[in-house]
Novice: 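Here's a structure for you.
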Number of protein chains: 2
Amino acid sequence: MDDRTSVTQRAVERIKEMISSGEVGPGQRLPTERDLAARLDISRSSMREAIRSLTTLGVLEARHGAGVYVTALRPADLLETFSVLAEVSRGDTLLEVLQVRRMLEPAATALAAARATDADLVRIGALLDRIDGAPATAAETVTADLGFHQAIVASTGNATLAAVNQGLSSRTFNARVWAGHREAGFTDELREDHRRIHEALVARDPDAARAAATVHVMRVERWLAADLADRTEHPGA
Amino acid sequence: MDDRTSVTQRAVERIKEMISSGEVGPGQRLPTERDLAARLDISRSSMREAIRSLTTLGVLEARHGAGVYVTALRPADLLETFSVLAEVSRGDTLLEVLQVRRMLEPAATALAAARATDADLVRIGALLDRIDGAPATAAETVTADLGFHQAIVASTGNATLAAVNQGLSSRTFNARVWAGHREAGFTDELREDHRRIHEALVARDPDAARAAATVHVMRVERWLAADLADRTEHPGA
DNA sequence: GCCTCTTAGTGGTCAGACCACTTTGACACA
DNA sequence: TGTGTCAAAGTGGTCTGACCACTAAGAGGC
């Protein structure tokens, strides 16, 4: 009766049901591919594609030689695929992504100012030093920058927020921002933004944190807008 | 040298490269599965799994009998998988999701108040009537409610924001909210929230829109917190 | 010139085999 | 008794080749 959906798709739905019905819980192991295929009366190939699909979604995890397991189903697991957006996006979509970040990061930073533990602040401070210090490579600066923002959002205690924020950030874009600012001699402005955010967190001042985060995102946003306009006018190599 | 990654994973990376390098663009057709497999010197099965993975991510689209195509790569395409989070989440994670929405929706609604076209406002008003009117089924109310919020976010003109917001909403959760409020006789409060938001949009008053959206999300948030506490104390059928 | 229908080519599914890896427990040894 | 080794069973990963279901385009008739 339900011939519209493909065999594989039905298998996906069935496995989802097994999870939502509690037949298998987070971290638990599923029956073998061969068993599942036999149970639904489909070929192992089709079952494998269904499992591949759910693996991509972050719902399942296949361990070679050991079985297929349900992940912890935490936000970070399920939003890993989210990063594809930031990776693939270009031009105007990147501006849209930054606009979303301008809504989230200030609120998240303000929340972090109220909630961050002392240990959080120490860790964030250490990352700030790694950004400010003269690092060996540009890659290290990018890593520290990503870690800095990630640590702040994580210190809100909201794992979903952290996962969403991470999905809106991308290493390649971040590297492009630093390269662009370095070329123009504006890296000090970026460092100053970070310092201002950190100070607000240490002072446990949500309003100041919100303002500092807004300024930072808007700086990047304005830079990107200018960069995009520049590339449109002078399409170089 | 790179024997750590699986054959399928390599195929995924390779196809991603073909897209990011511009070898195939959005909407264009890829070579056949058989061709791609032969080109990378892997079996068709493995190539199919790679394609399945990218299909799940919203990067590719397979059309039976017609070929495999790159999607438009728009945010909505890539964030379709995002909804799995809202679907699977329960308990505390749902609270986290609402907390994120409390950061996004007020900002988005304020932006909509400034940017929405007259046509947008008409459409939003129509959806409001569908919520307020005496609908045949509860399902219709939920549909109209989802459409109402979606239309508002869409009228910001930011497709990424719309896609993210949609990913944070779920039909099942929304239905649960209405059912819970109906049971307690509080549906009027929900309707009043919506009316307040709509009025702020029509008045093109970003501040009022922000406040109205905040109130609305917080109402749902408080209801969920109470509901979760209630279920913990009285775990019924 | 238009419609119908065949047909080549595509993705979807199946079957069975073998490979790579993990886990476990029997076994020899200290 | 405890411990390390390693062989074997079972798992996911890959390959092959066949057939089915569907689409699109061209050949043919009208």
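Predicted, not measured: the structure shown is a model, and the values here were computed from it. Letters A, B, ... mirror the listed sequences (proteins, then strands); counts begin at 1. Only heavy atoms go into these numbers, but all of them, side chains included; no hydrogens, no water, no symmetry mates.
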Novice: For DNA chain C, whose closest nucleotide is more 5', that of A/S46 or that of A/Y69?
Specialist: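 Comparing both residues, the 5'-ward one is A/S46.
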
Novice: Using the side-chain heavy atoms of A/R29, tell me which of these nucleotides is nearest: D/dT11, C/dC14, C/dG12.
Specialist: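 From the listed options, D/dT11 comes nearest.
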
Novice: Quick one: which of D/dC15, D/dG13, C/dC14 gets closest to the side chain of B/V7?
Specialist: D/dC15

Novice: Using whole Å, what does the distance between atom C1' of nucleotide C/dA15 and atom CD1 of A/I42 come to?
Specialist: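 For the pair A/I42 CD1 and C/dA15 C1', the rounded distance is 13 Å.
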
Novice: Rounding to a whole Å, what distance do you find between A/L60:CG and D/dG13:P?
Specialist: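 Going from A/L60 (CG) to D/dG13 (P), I get 11 Å.
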
Novice: Taking CZ from A/R48 and C1' from C/dC19, how many angstroms apart are they, rounded to a whole number?
Specialist: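 Checked: the CZ to C1' distance equals 13 Å.
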
Novice: With the threshold set at 4.0 Å, does a side-chain nitrogen-carboxylate oxygen contact exist between B/R10 and B/E13?
Specialist: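 Here B/R10 does not pair with B/E13 in a salt bridge, since their nearest N and O are not under 4.0 Å apart.
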
Novice: Reckon B/S45 touches a base, only the sugar-phosphate, or nothing at all at heavy-atom distances under 4.0 Å?
Specialist: base

Novice: For a quick check of understanding: with a heavy-atom distance under 4.0 Å over all strands, which category does B/R63 fall into, base, sugar-phosphate or nothing?
Specialist: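 Answer is sugar-phosphate: B/R63 comes under 4.0 Å of backbone atoms only.
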
Novice: Looking at A/R34, does any N or O in its side chain come under 4.0 Å of the phosphate oxygens OP1/OP2 on D/dT11?
Specialist: no

Novice: Report the distance from atom NE2 of A/H64 to atom C1' of C/dA20, rounded to the nearest whole Å.
Specialist: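 From A/H64 NE2 to C/dA20 C1': 4 Å.
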
Novice: Quiz question: going by heavy-atom distance under 3.5 Å, is there a donor-acceptor pair between the base of D/dG13 and the side chain of A/R44?
Specialist: yes

Novice: In this structure, how many angstroms lie between the P atom of C/dT13 and the CD atom of B/E49, rounded?
Specialist: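 The answer, rounded to whole Å, is 13 Å.
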
Novice: Quick one: label B/I51 by what it contacts on the DNA or RNA (base, sugar-phosphate, nothing), any heavy atom closer than 4.0 Å.
Specialist: nothing

Novice: Any salt bridge between A/E140 and A/R130, counting N to O under 4.0 Å?
Specialist: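 Between A/R130 and A/E140 there is no salt bridge, as every charged N stays at least 4.0 Å from the carboxylate O atoms.
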
Novice: To the nearest Å, how far apart are A/R10 CZ and C/dC14 C1'?
Specialist: 14 Å

Novice: Can you tell which of C/dC14, C/dG12, D/dG13 lies closest to the side chain of A/S43?
Specialist: C/dC14

Novice: Given atom CD of B/E61 and atom P of D/dT23, what is their separation to the nearest angstrom?
Specialist: 13 Å

Novice: Could you work out which one of C/dT13, D/dA24, C/dG11 sits closest to the side chain of B/V68?
Specialist: C/dG11

Novice: Return the orientation label for the B/W223 and B/H181 ring planes: parallel under 30°, perpendicular over 60°, tilted otherwise.
Specialist: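 Answer is tilted, since the angle falls between 30° and 60°.
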
Novice: Do B/R48 and B/S43 have side-chain atoms, one donor and one acceptor, less than 3.5 Å apart?
Specialist: no

Novice: Nearest whole Å is fine: how far is D/dT14 C1' from A/R52 CZ?
Specialist: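 Those two atoms, CZ and C1', are 11 Å apart.
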
Novice: Please check if any side-chain donor atom of A/T8 sits under 3.5 Å from a side-chain acceptor atom of A/S6, or the reverse.
Specialist: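 No, because no side-chain N or O of A/T8 sits under 3.5 Å from a partner of the opposite role on A/S6.
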
Novice: Check whether any side-chain nitrogen or oxygen of B/T8 sits under 4.0 Å from OP1 or OP2 of D/dT14, and answer yes or no.
Specialist: yes

